[in-house]
Number of protein chains: 2
Amino acid sequence: VLQTIDLCKSYGSGETKVEALKNVSISINQGEFAAVIGPSGSGKSTLLHMLGGVDRPSSGKVFVDGVDLYTLNENDLALFRRRKVGFVFQFYNLIPVLTALENISLPLLLDNKKIEQEYLDELLSLLDLHDRSHHLPSELSGGQQQRVAIGRALAYKPAIILADEPTGNLDRKNSSEIIKLLRFSVQKYQQTLVVITHDQGIASLADRVIAIEDGAVVSNEVTK
Amino acid sequence: VLQTIDLCKSYGSGETKVEALKNVSISINQGEFAAVIGPSGSGKSTLLHMLGGVDRPSSGKVFVDGVDLYTLNENDLALFRRRKVGFVFQFYNLIPVLTALENISLPLLLDNKKIEQEYLDELLSLLDLHDRSHHLPSELSGGQQQRVAIGRALAYKPAIILADEPTGNLDRKNSSEIIKLLRFSVQKYQQTLVVITHDQGIASLADRVIAIEDGAVVSNEVTK
Ligand SMILES: Nc1ncnc2c1ncn2[C@@H]1O[C@H](COP(=O)(O)OP(=O)(O)OP(=O)(O)O)[C@@H](O)[C@H]1O
Ligand SMILES: Nc1ncnc2c1ncn2[C@@H]1O[C@H](COP(=O)(O)OP(=O)(O)OP(=O)(O)O)[C@@H](O)[C@H]1O
Ligand SMILES: [Mg+2]
Ligand SMILES: [Mg+2]
């Protein structure tokens with residue numbers, strides 16, 4: 001369902017030119033939970049942005065369900081991002097003037113979709129955010145903001161969930177609750193999940209582990 | 001050197017009123033490495049903001065080297081923050097239009113202080129940022145931005161270092177390098193270090209571990 005062929009991405013030019021991804025060719029199957037691991041600065045977030053249609057590659061191809069993503073026009077790419085992909089960014093990117101509940105509902109609001117109140121209530125309690133749903137991001141702790149970002153990625157029940165360090169700011173108990181929620185959602189709604197993590201415990205739960213160093217894939221193992 | 005007496009902090013009013021800290025009385029000695037642990041939303045960042053003069057308490061006292069911090073006027077409080085405290089915020093708060101090197105030098109630039117080139121070079125290599133020193137925050141990975149934030153906190157060789165999850169976005173290798181650097185700096189320059197962390201490994205290195213739940217201190221143990 002997700003495939004890259006000789007994917008390259010470089011940033012800047014001259015003195016600050018950086019080759020973030022070098023000929024990355026991977027494929028992730030429908031319904032799989034894939035973990036992406038690697039040192040800081042190795043290209044993990046860059047890869048996730050390419051898979052999610054957030055940033056254009058320098059060269060190479062990205063296929064999602066057989067569609068060559070970067071041949072789509074801006075409009076279709078935006079629709080793909082909104083309807084097919086739930087993204088948890090490494091730094092959340094919550095909208096500061098919207099409450100926790102509004103941030104979570106945003107993908108649905110943008111598409112004039114009806115909000116399934118029951119599902120949203122379920123998400124709020126699984127994320128332990130019921131008593132913070134009317135708070136703005138600036139009125140939430142770091143971990144609470146991270147959980148709002150996860151809620152927003154799940155709200156639309158997207159086919160693909162891309163999560164960049166979804167438990168980086170969470171304690172052990174919250175971390176395992178979040179991973180349980182992601183795996184539960186993936187099984188219940190037949191989704192495909194890609195998670196960047198530094199946490200060995202989380203990587204060990206994945207069906208596939210992709211290791212990246214200095215922009216290149218150094219291993220891609222199916223674990224189960 | 002750091003002491004709080006019946007420290008309380010509440011946010012908001014009416015429906016969203018939250019008591020983030022409830023009568024917190026702790027003391028941390030000169031040269032100590034104290035770890036603060038607790039679940040997400042328990043009040044850790046709030047406590048660190050009170051210790052660092054970043055946000056005023058609702059009631060109670062904070063003493064730093066015998067000075068009653070919140071009796072100082074705004075000017076003196078700002079000087080205290082700039083000269084005495086190195087702060088690593090949970091979300092970095094780097095200045096987007098300044099390069100990595102400029103962000104690190106900022107506390108010195110603000111005070112018209114001469115920059116010790118040798119010390120800065122040492123910091124850049126210990127933080128593995130030499131080849132990223134001219135990048136803007138938006139041209140850095142998550143972990144690289146975190147390391148810039150740590151460099152900025154150390155640049156002034158402040159008496160007190162307050163770090164909020166300084167390794168949350170770092171892999172195992174980078175995390176242990178950072179903690180090694182912080183402990184090395186604390187010993188070399190006789191500093192006092194307070195670190196919020198979810199990482200048991202880091203907490204086990206501390207001289208003192210303070211556990212917080214729901215705004216209250218539940219334990220405060222000297223481990224060495
Ligand atoms: N400006 C604010 N308005 C209302 N509530 C707030 C505000 N800032 C923080 N809070 C609340 O105060 C409590 C403590 O927040 P704090 O940021 O200190 O938690 P924390 O222990 O650092 O959590 P984390 O590990 O998730 O970063 C949280 O429940 C949070 O929702
Ligand atoms: N806009 C940019 N301009 C220049 N270089 C960039 C830019 N964005 C990222 N980089 C560089 O590309 C490399 C890969 O960055 P990326 O964010 O993908 O790393 P990462 O594996 O997610 O790291 P981390 O674990 O620290 O988040 C890094 O070395 C970074 O400095
Ligand atoms: Mg990253
Ligand atoms: Mg916090």
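It should be emphasised that the depicted structure is a prediction, and the values quoted were computed from it without experimental measurement. Note that these values count all heavy atoms, side chains included, but never hydrogens, waters or copies made by symmetry. Labels below follow one simple rule: chain letters A, B, ... track the order of the sequence lines, proteins then strands, and each chain is numbered from 1.
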Checklist entry - If every non-hydrogen atom of B:G143 is compared with every non-hydrogen atom of A:S40, which pair is closest and at what distance? => result CA-OG, 3.3 Å

Selection from [options] maximising heavy-atom pairs under 4.5 Å formed with chain A:
{"options": "B:N174, B:T197, B:L170", "answer": "B:L170"}
{"options": "B:A20, B:G12, B:G41", "answer": "B:G41"}
{"options": "B:H134, B:K44, B:Q200", "answer": "B:H134"}

Take atom [atom1] of [X] as the centre, draw a 6.0 Å sphere, and report whether it contains more than 12 heavy atoms from other residues, nucleotides or ligands.
{"X": "B:N93", "atom1": "CG", "answer": "yes"}
{"X": "A:K157", "atom1": "NZ", "answer": "yes"}
{"X": "A:D6", "atom1": "CG", "answer": "yes"}
{"X": "B:E122", "atom1": "CD", "answer": "yes"}
{"X": "A:K22", "atom1": "NZ", "answer": "yes"}
{"X": "A:K84", "atom1": "NZ", "answer": "no"}

Between [X] and chain B, which part of the residue has a heavy atom less than 4.5 Å away: side chain, backbone, both or neither?
{"X": "A:Q144", "result": "both"}
{"X": "A:N169", "result": "both"}
{"X": "A:Y11", "result": "neither"}

Checklist entry - Quick one: what part of B:Q146 sits under 4.5 Å from any heavy atom of chain A, side chain, backbone, both or neither? => result neither

Item to check | chain B interface, residue from A:G43, A:S175, A:P39 that has the most non-hydrogen pairs under 4.5 Å | outcome: A:P39

Next on the checklist: Please evaluate residues B:E139 and A:V18 with respect to the criterion side-chain contact (heavy atoms from CB on, under 4.5 Å), reporting the C-alpha separation (whole Å), side-chain torsions for both, the decisive distance (0.1 Å), and the verdict.
Outcome noted: CA-CA 9 Å; B:E139 299 173 340; A:V18 173; over 6 Å; no

